[in-house]
Amino acid sequence: MTATSAPHSIKGPVPAPSFEGAERLRIGIVHARWNKEVIDALVNGTLETLGKAGVLSENIIIESVPGSWELPFGVQMMLSQHNLDAVVAIGTLIKGSTMHFEYICESSFHGLQRVALDTRKPVILGILTVLTEEQALQRAGIAHHLDDPGHNHGHDWGYAAVEMALKAYK
Ligand code: DLZ
């Protein structure tokens, strides 16, 4: 390892051992439109692993909401209007100089969990909550100006959606 390369990390999930049956699944993505560059990378990362796991592109629907605050309602509406097996909610909250960040983080996290438990449908938490723009770029795998562009967390969310959708599939 050179002095500038990224240190070894043990964090992060391993994908489920099997995604058998994924071709039957219908998956939704609802994404916020704040911090678009990062959001685009995260949505693409999610789509990549949904495809790798075997979900058909015609069985994926994508909608957007203004910001992360609107994600719980957006997911609830999507679940009520479409027959879906899981939804990935994608947003990026970057801390500013006021308390806005803390309130939106807390409410959107609680809201998404509530929607999942109330509807009995898996809702995948795809919201980055970061302190700097740099951290957001790294967690979307697009910090190309660095030696290591980082890891696209959307990859983990796609796999998580398939795993949880298969668990809930009737
Ligand atoms: C207002 C706001 C702020 C300050 N920051 C973000 C952010 O970093 N990421 C995000 O997704 N949304 C942000 N928003 C917008 C709110 O989520 C919401 O869309 C507006 O307050 C309108 O309800």
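Numbering of ligands and ligand atoms starts at 1, following listing order.
For Arg114, the salt bridge (Lys or Arg N to Asp or Glu O under 4.0 Å) criterion is met by Asp118, not counting sequence neighbours.
Annotation: atom 6 (C) of ligand 1 to nearest protein heavy atom, Trp34 CE3, 3.3 Å. Ranking protein heavy atoms by distance to atom 8 (O) of ligand 1, first place goes to Ile94 N, 3.2 Å. Remark: minimum distance from atom 23 (O) of ligand 1 to any protein heavy atom is reached at Glu70 OE2, 2.4 Å.
Counting heavy atoms closer than 4.0 Å to ligand 1, residue Trp69 contributes atoms from both its backbone and its side chain. At a heavy-atom distance under 4.0 Å, only side-chain atoms of Asn35, from C-beta outward, approach ligand 1.
Atoms of ligand 1 lying under 4.0 Å from at least one heavy atom of His100, given by number and element, are 1 (C), 4 (C). Per-residue contacts place Ser68 under 4.0 angstrom from the following atoms of ligand 1 (heavy atoms of the residue considered): 10 (C), 11 (O), 12 (N), 17 (O).
By the neighbour-count criterion of 12 heavy atoms within 6.0 Å, atom CD of Glu37 is sparsely surrounded, having that number or fewer from other residues, nucleotides or ligands. More than 12 non-hydrogen atoms from other residues, nucleotides or ligands lie less than 6.0 angstrom from CD of Glu23.
Atom 12 (N) of ligand 1 is approached by the protein to below 4.0 angstrom, counting heavy atoms only.
Across all non-hydrogen atoms, the minimal contact from Asp85 to Arg24 is OD2-O, 4.2 Å.
For the pairing with Val75, the side chain to side chain contact (heavy atoms under 4.5 Å, CB included) check across Ile29, Val30, Thr119 returns one residue only, Val30. Considering Gln135, His100, Glu102 as possible partners of Lys95, the one that fulfils the side-chain hydrogen bond (donor to acceptor under 3.5 Å, both in side chains) test is Glu102.
The structure places CD1 of Ile127 at 11.0 Å from CG of Leu42, a figure rounded to the nearest 0.5 Å.
In terms of polar-atom proximity, defined here as any N/O pair under 3.5 Å, Thr92 does make such a contact with ligand 1. An N or O contact shorter than 3.5 Å is missing between Ala32 and ligand 1 by distance.
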